[in-house]
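Notes follow the structure.
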Amino acid sequence: MKVNIRLFAVARELAGRDSIALDVSPGTTIGQLRARLAAEIPDLAPVLPHVLFAVGSEYARDDQPISDGSQIACIPPVSGG
Amino acid sequence: MKVNIRLFAVARELAGRDSIALDVSPGTTIGQLRARLAAEIPDLAPVLPHVLFAVGSEYARDDQPISDGSQIACIPPVSGG
Amino acid sequence: MIELITAPIDTDAVLRRVASPEAGAIVLFLGTTRRFSDGRETASLDYECFAEMARGKMAELEAEARRRWPLVGCAIVHRVGHLELGEASVAVAVSTPHRQSAFEAGQWLIDTLKEVVPIWKKENWTDGASGWVHPGLEVPQTKAI
Amino acid sequence: MIELITAPIDTDAVLRRVASPEAGAIVLFLGTTRRFSDGRETASLDYECFAEMARGKMAELEAEARRRWPLVGCAIVHRVGHLELGEASVAVAVSTPHRQSAFEAGQWLIDTLKEVVPIWKKENWTDGASGWVHPGLEVPQTKAI
């Protein structure tokens, strides 16, 4: 199934792109996606252990399974305010 | 010696005047002035136990002696802000 | 900056006064006249002050706050005279490098101002009566003419 | 009121938004861009956000603050894009009947905003380098061209 992952801030700059679409098998979790992203974009590997992921507009845990067509975001530690 | 006492807020309204000049004997304290004011202006008597006095721009204790020509202020409980 | 004024408080000017590239945080407190107090409806307020002493005490508050917190800017403005409902009677603004001290200093300044600065307010209620507010003191009310 | 904007923050409009005759206290917090952080001099900043989620989280913060404190008005405005030194990046304003809850709610809102809202800042230093600020993360710096 297809998922789209948006990248922000240092993740966007390290990847040189603002999103990536991946084909993943049904039942894939956020934690597995984290590992998969490191393999797909090696430049992202150093920061991936420190980022959170969001599905839609909600933070997601690593054990959360991803649905087909999920809009996922890779959220490095925030620094707004 | 002469002292001038300014009156504010409810004290001013109860006294019907914004200051009073009194002749007091040397060594008179703020506490003695408090009693004297109650005698001079009976309408002030109910509030005088609850007011503070200032000499110049500083709050004064009841045992503080008054000097000749002191500018004294009668300060009901404040409610600014 | 210490000000005792009769005109409406210019909050923009107060904020400009404390803004600085050395500060990362500004906290502004505004005290505004509230419609209901203790279930009674207020129409307007009158503030009276002992001006020389009030300015002196406000300056002491600023000096003490600067001893306690790393303030970049500090402004305390109190309005006196007649105020309509919803208007600001007091503005306290501080700027600091980091926000925690701005909140602490701002709250300490308004808390202490309300305890020590010789300013008094008279409530004019919608029922036509009015009365001085003197915490801890039972105050006789004046019927409006 | 929740806003994510690129124009300078209009603090007067923010204050008008929360002012009310039902409120006796307004607390406004402004986060401003500071010249020195960790001894390094900042020339300007760029803020990036995940807009849909940032708006959603800011709205959740307002809703949670309204559950915790008796807020009359609440406004959270964050600016994104390019900011010069000394400009405000964020404004949080609340109004309440009494001041204690205004200070508490204002501080909770900015503290929590800084933890959960997906917004990021990049510091552009005066030495020409720039780098994303990601607390807890060692971030590679980019040399300016």
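Proteins come first, then strands; the chains are lettered A, B, ... in the order of their sequence lines, and each starts at number 1. Note that the coordinates shown come from a computational prediction; the quantities given were computed from them, not determined experimentally.
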Output the option from D/Ala25, D/Pro97, D/Ala23, D/Ser89 having the highest count of non-hydrogen pairs under 4.5 Å with chain C.
-> D/Ala23
Going by heavy atoms in the side chains, are D/Pro21 and C/Arg34 under 4.5 Å from each other?
-> no
Name the region of D/Ala19, side chain, backbone, both or neither, that has any atom closer than 4.5 Å to a heavy atom of chain C.
-> neither
Portion of D/Glu84 that has a non-hydrogen atom of chain C nearer than 4.5 angstrom | neither
Where on C/Thr33 is there a heavy atom nearer than 4.5 Å to chain D: the side chain, the backbone, both, or neither?
-> backbone
With C/Gln107, the side-chain hydrogen bond (donor to acceptor under 3.5 Å, both in side chains) member among D/Gln107, D/Glu104, D/Arg99, D/Gln100 | D/Gln100
D/Leu28 vs C/Phe29, side chain to side chain contact (heavy atoms under 4.5 Å, CB included): CA-CA, chis, key distance, verdict | CA-CA 6 Å; D/Leu28 167 72; C/Phe29 172 83; over 6 Å; no
Indicate yes or no for a side-chain donor-acceptor contact from C/Thr11 to the backbone of D/Asp12 under 3.5 Å, with no hydrogens or angles considered.
-> no
